[in-house]
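I have placed the structure first, in the form of C-alpha cells, so that the comments after it can refer back to it.
Quick note: residue numbers are just sequence positions, from 1.
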Amino acid sequence: MKTISHVYDSYGQARAAVEELEAAGIPSKDISVVANKYVSAEHAQVDDVSPASAGASIGAVAGGGAGALAGIGLLAIPGLGPVVAAGWAATAAVGAVTGAMAGAAVGGLAGVLRDSGEPEQRANIYSEAVRRGGTLVTARVADDHEERARAIFTKHEPVDPDARRREYHAAGRAEFDPNAPPYQPTEAEIDRIRHKGLL
C-alpha cells in the first residue's frame, strides 16, 4: 500500500478528487479528508471543540458509510483547532490529542502525514495550507491503483507544495506553527474555499 496526500485550495476540488478516487475503486475507508472549518456553513462559527466533544465525533468521522464524504464531522486537531474531517487520517490526528492527554507527544496532522511517508517539510506545508483554508485529501492505495490514483489527484489541480513553501517563506512563515492563532479568511476566501471546482 502507498499513501498519497495532496492539498486543494477549495473544498470543491477536493470533493471532486475524492469522488473520482472512489469511482476508480479505492475504498472509502482508505480515503481521508481534513478541511478548514469554513468549508461548512454549519460549523463556520465554531471557535473551539473540547477533546470530549471531538471524541464524540470520531466514530462518525472514521466510518466509511456511503462514501468518504458522508462521514464528515467536526473535530479538533492539535495546531489546527476545529476542522471538518472524515476518515482514518483525521481519526489518527485526533488520536494524538488523546495520546497527549495520556502523556504522549502531540503529533497532530503533520505527525500523521510524516508517519504515512511525507517528508517533514511537506507535512508542515500541508498542515499550514489546511490551517489557511485548504482541504487535505489522503488515500491509501494498493500498488496496482497507484498510477491511476496519482493521475486523479493531479487532474483536480492540487497545491504545489514547493511553490506554497516559497510563498509562506516570503510572507515570513518558515514552517507550520501549531501555536499560531486560528486563521480568519475573508468572505471572498470562504466563498472560494466552499465553491471552486463545484461547477
Side-chain angles (χ1 to χ4, degrees), residues 1-36 39 54 57-75 77-80 83-99 104-105 107-130 134-165 176 196-198:
M1 296 287 282
K2 296 277 194 311
T3 301
I4 306 169
S5 300
H6 285 285
V7 168
Y8 296 89
D9 275 330
S10 82
Y11 182 71
Q13 292 168 297
R15 186 179 80 176
V18 168
E19 289 171 349
E20 192 167 345
L21 288 166
E22 290 174 325
I26 297 169
S28 298
K29 68 179 180 62
D30 290 328
I31 300 172
S32 291
V33 178
V34 178
N36 185 286
V39 306
S57 300
I58 292 174
V61 170
L69 298 173
I72 212 157
L74 183 67
L75 298 175
I77 294 180
L80 295 178
V83 296
V84 288
W88 63 271
T91 304
V94 172
V97 174
T98 304
L109 186 59
V112 170
L113 289 169
R114 286 191 303 270
D115 290 348
S116 69
E118 291 292 340
E120 174 98 20
Q121 187 176 74
R122 186 168 289 189
N124 284 327
I125 293 299
Y126 283 169
S127 296
E128 180 64 17
V130 171
T135 300
L136 173 78
V137 177
T138 299
R140 297 183 295 204
V141 301
D143 291 346
D144 58 342
H145 281 87
E146 181 182 0
E147 185 176 337
R148 174 72 178 129
R150 289 191 188 280
I152 291 168
F153 272 103
T154 300
K155 174 183 173 182
H156 296 284
E157 302 176 1
V159 165
D160 176 339
D162 295 327
R164 195 55 53 96
R165 179 182 55 80
F176 175 65
K196 181 181 176 186
L198 294 177

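- A salt bridge links E20 with R148: at least one charged nitrogen is closer than 4.0 Å to a carboxylate oxygen.
- Rounding to the nearest 0.5 angstrom, the gap separating the OG atom in S127 from the CZ atom in R122 is 13.0 Å.
- Distance check: I125 CD1 to L113 CG gives 12.0 Å after rounding to the nearest 0.5 Å.
- In terms of modelled atom types and a separation under 3.5 Å, the side chain of S32 and the main chain of W88 share a donor-acceptor contact.
- Contact between V33 and A90 at its shortest, heavy atoms only, is O-CB, 4.4 Å.
- The OG1 atom of T135 sits 9.0 Å away from the CD atom of Q13 when rounded to the nearest 0.5 Å.
- Remark: side-chain polar atoms of Y11 are not paired, donor with acceptor, to backbone N or O of N36 under 3.5 angstrom.
- Heavy atoms only, all atoms of each residue included: A24 and I152 are closest at CB-CD1, 3.7 Å.
- Of all non-hydrogen atoms in H6 and Y126, the two that sit nearest each other are ND1-OH, 3.5 Å.
- In this structure, the side chain to side chain donor-acceptor pair (under 3.5 Å) partners of R140, at least two apart in sequence or on a different chain, are D30.
- Atoms CD and CE, from E146 and M1 in turn, are 11.0 Å apart once rounded to the nearest 0.5 Å.
- The shortest non-hydrogen separation linking A14 to V137 is CB-CG2, 3.6 Å.
- Distance CD1/I26 to CD1/I4: 7.0 Å, rounded to 0.5 Å.
- Listed here is the closest heavy atom pair of A149 and V141: CB-CG1, 3.9 Å.
- In this structure, D9 CG and E157 CD are separated by 10.0 Å, a value rounded to the nearest 0.5 Å.
- Between F153 and Y8, the closest heavy-atom pair is O-OH, 2.7 Å.
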